[in-house]
Protein chains: 2
Amino acid sequence: MKKTEDSLSTEGSSALMADVARLAGVATSTVSRALANPGRVNEKTRARIAAAAEQLGYTPNAAARNLRVGKSNVIMIILPGSLHYGASQIIPQVLEAVNRTVIRNGYNLMIANLDRDESSERHILDLAFGGTVRGALILSSQLPVVANRSLAEAGLPIVSLLLDMSDTSVPSIITNDRQAVKEAGRELLALGHRRFFYIAGPTGNYHDIERYAGLLEALQEAGLSERHVTRSGGQFTFQFGFETGLQAAEDFAKLDEKPTAVVATSDDMAISFMSKVQKMGWRVPEDLSIVSFDGSPVCEYCAPPLSTIEQPMEALGETATEFLIARMEKSDERRELRVVIPSRFIRRDSIAVNSKLAT
Amino acid sequence: MKKTEDSLSTEGSSALMADVARLAGVATSTVSRALANPGRVNEKTRARIAAAAEQLGYTPNAAARNLRVGKSNVIMIILPGSLHYGASQIIPQVLEAVNRTVIRNGYNLMIANLDRDESSERHILDLAFGGTVRGALILSSQLPVVANRSLAEAGLPIVSLLLDMSDTSVPSIITNDRQAVKEAGRELLALGHRRFFYIAGPTGNYHDIERYAGLLEALQEAGLSERHVTRSGGQFTFQFGFETGLQAAEDFAKLDEKPTAVVATSDDMAISFMSKVQKMGWRVPEDLSIVSFDGSPVCEYCAPPLSTIEQPMEALGETATEFLIARMEKSDERRELRVVIPSRFIRRDSIAVNSKLAT
DNA sequence: TTGTAGGCGTTATCAA
DNA sequence: TTGATAACGCCTACAA
């Protein structure tokens with residue numbers, strides 16, 4: 001719907017470049033240049049065009065531009081199926097950091113959900129192969145593949161967050177979970193703890209493997225073997241942390257020789273576990289020290305405040321986005337395949353010398 | 001970059017409709033029809049075209065289609081500046097529900113962040129006026145306006161979530177906060193409570209006003225006036241719930257006549273408040289009953305488990321999205337301006353008869 | 001410095 | 001039922 005000359009500037013959304021050109025008395029190509037390359041046009045004309053555009057409330061049509069230049073300005077973030085956990089804010093935190101960085105660089109952020117079903121994988125591939133998106137961030141998941149299309153072959157830059165995919169040439173921005181647990185383990189060992197209870201995430205999960213390995217490394221340093229660790233959990237995904245923690249408490253209660261230190265792979269697990277064992281009569285940290293993962297803000301207000309290993313999601317999100325954009329814009333930069341951002345162990349009152357071990 | 005006939009189907013992302021047409025031995029217009037209107041083309045040709053498309057890994061170019069048909073298939077959700085809170089999962093929950101519904105209906109979801117600065121408002125308006133998005137959901141915020149453009153005049157359907165904007169003709173999917181607090185208030189009154197402590201959200205905030213009004217209504221029913229309520233908080237936004245709760249605990253400690261029941265306008269406030277007053281020596285619920293807002297899952301694992309009013313974010317998100325899509329596709333349907341989805345009061349052990357009031 | 005002309009990949013109209 | 005053709009709105013050689 002073309003606008004007549006005297007139509008109000010605020011009506012409808014349909015001022016075209018041609019309208020601006022007409023009002024400014026120039027050709028559309030001049031308008032295009034004035035808006036994109038202000039330097040390469042006479043200042044007076046530029047001002048006249050700017051005024052005309054302003055008056056008409058002109059906004060360039062994105063589809064036309066994308067079609068013409070052959071690329072979009074949309075970045076997609078592929079998130080795991082479930083976005084909400086019990087207490088952790090990792091998804092909103094990463095979204096916030098990513099979105100802020102995306103916008104600051106003149107791009108837009110599209111959400112894609114990666115469930116394990118074919119339709120959602122197909123959907124993501126359509127976005128990539130249909131040119132809707134120019135780059136992709138993927139959070140802690142494998143790349144989608146359907147039939148003869150794979151995201152890896154879509155010809156767009158991809159950056160992985162949290163999950164190390166550098167072995168398949170996908171640049172990965174990750175944390176050092178293993179090192180972080182190792183340090184937490186060392187602190188617990190230094191406090192005298194010798195028997196550990198480990199509440200696992202989903203079996204085979206990358207994060208779970210890394211975290212468990214970190215704990216074992218700490219034990220090895222102290223000359224202890226895996227036999228000093230009792231494992232629980234492993235049946236659920238991280239989304240069911242509370243349930244896992246409750247089940248772990250049941251498991252714990254049945255043990256003959258009670259461990260004195262607990263490492264939980266998510267704050268949700270630690271929170272429900274602690275709540276339940278306290279009801280059963282154990283005291284934290286007198287009878288039991290607890291450390292967990294994610295750095296959920298609420299841990300500070302638990303009773304006692306929970307020690308936790310904070311994942312630096314804001315830094316991860318920002319770094320990953322900048323990395324992706326660098327790849328999109330100049331494919332010769334940022335060739336490294338791994339960037340490690342340290343996690344932070346936050347020690348709070350949930351860990352201490354055990355009452356039975358006290359000298 | 002055109003593909004040669006014998007190029008591998010999985011390489012690059014550039015099979016065009018013309019390539020499919022050539023391989024199937026038909027015209028591009030037939031391919032277009034076969035893909036969009038399978039019914040209006042000979043079954044044999046359709047199958048041949050489908051096979052060719054499959055073999056080439058053909059995906060239609062979204063920009064070209066959008067340009068041609070004059071509309072995009074992207075829905076934007078405008079979120080408040082900060083996406084993460086202390087414990088509540090309302091943003092991820094609503095995102096999850098919205099995204100699921102958006103995808104199920106063949107659309108895509110774009111994130112837009114509404115900070116209070118001009119650049120982010122301008123950015124949102126560009127998305128709307130530039131035809132990038134076809135409809136908008138807005139979560140608990142006012143519509144952006146910059147210079148001579150306003151989202152309300154962008155000519156695209158808008159649906160508000162949580163914030164009632166029906167007075168400006170924006171359809172709103174909201175909860176009945178007022179009614180929910182009123183019911184919680186009634187329960188507290190029935191338990192014998194007469195003096196209330198109200199921890200407010202940001203002053204002038206819609207939700208805060210509604211919630212406070214609900215509490216007053218319950219009091220009025222019981223013949224009590226506003227003088228039975230002591231207010232705290234009000235200086236921070238909901239994003240600083242923990243800080244607000246801590247400050248409220250300080251305020252509480254200074255009161256001469258102690259209220260026996262607390263209504264907090266977010267779980268974060270309640271959690272930090274409870275943690276602090278417990279450290280100061282008060283017992284919950286014996287000395288103090290607490291009710292809060294948002295239904296954060298972690299409330300169940302507090303000590304004692306916190307009573308909270310759950311916002312039905314999944315239902316809200318799904319309803320709002322379906323409502324928006326109905327408006328986008330057939331503008332004559334769904335003319336109502338308000339849909340109210342009930343909140344749910346979850347009673348847990350944080351409320352009880354007060355020890356001093358016990359008979 | 002500015003204008004003319006052509007095409008990005010798709011869909012829709014019209015004829016065949 | 002199918003094919004040729006003309007847009008959609010913008011950007012960018014190239015020419016003036």
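A, B, ... follow the sequence lines: proteins, then strands. Residue 1 opens every chain.
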From CZ of B/R22 across to P of D/dA4 the rounded distance in Å is 13 Å
Could you tell me the separation between the NZ atom of A/K71 and the P atom of C/dG9, rounded to a whole number of Å? 14 Å
Check this one for me: any side-chain N or O of A/T45 less than 4.0 Å away from OP1 or OP2 of C/dT2? yes
All side-chain hydrogen bond (donor to acceptor under 3.5 Å, both in side chains) counterparts of A/R122, not counting sequence neighbours: A/E118
I'd like to know if A/E322 pairs up with A/R104 as an ion pair, taking the criterion as any Lys NZ or Arg NE/NH1/NH2 lying under 4.0 Å from an Asp or Glu carboxylate oxygen. yes
Rounded to the nearest Å, what distance is computed from the CZ atom of residue B/R48 to the P atom of nucleotide D/dT1? 15 Å
From B/L23 atom CG to B/E54 atom CD, the distance as rounded to the nearest 0.5 Å: 12.0 Å
Under 4.0 Å between a Lys/Arg side-chain N and an Asp/Glu carboxylate O for A/K71 and A/E329? no
Taking atom P of D/dC11 as reference, at what distance in whole Å does atom CG of A/N73 sit? 12 Å
CG of B/N42 versus P of D/dG3: gap in Å, rounded? 11 Å
When every nucleotide of nucleotides 10-16 of chain C is labelled 5' to 3' by its protein contacts under 4.0 Å (heavy atoms), B for base, S for sugar-phosphate only, - for none, what sequence of letters results? BBB----
Figure out the CG/C1' separation between A/L67 and C/dC8, and round it to whole Å. 4 Å
In Å and rounded to the nearest 0.5 Å, what is the CG to CD1 distance from B/L95 to A/I91? 10.0 Å
Check whether more than 12 heavy atoms from other residues, nucleotides or ligands sit under 6.0 Å from atom NZ of B/K330, and answer yes or no. yes
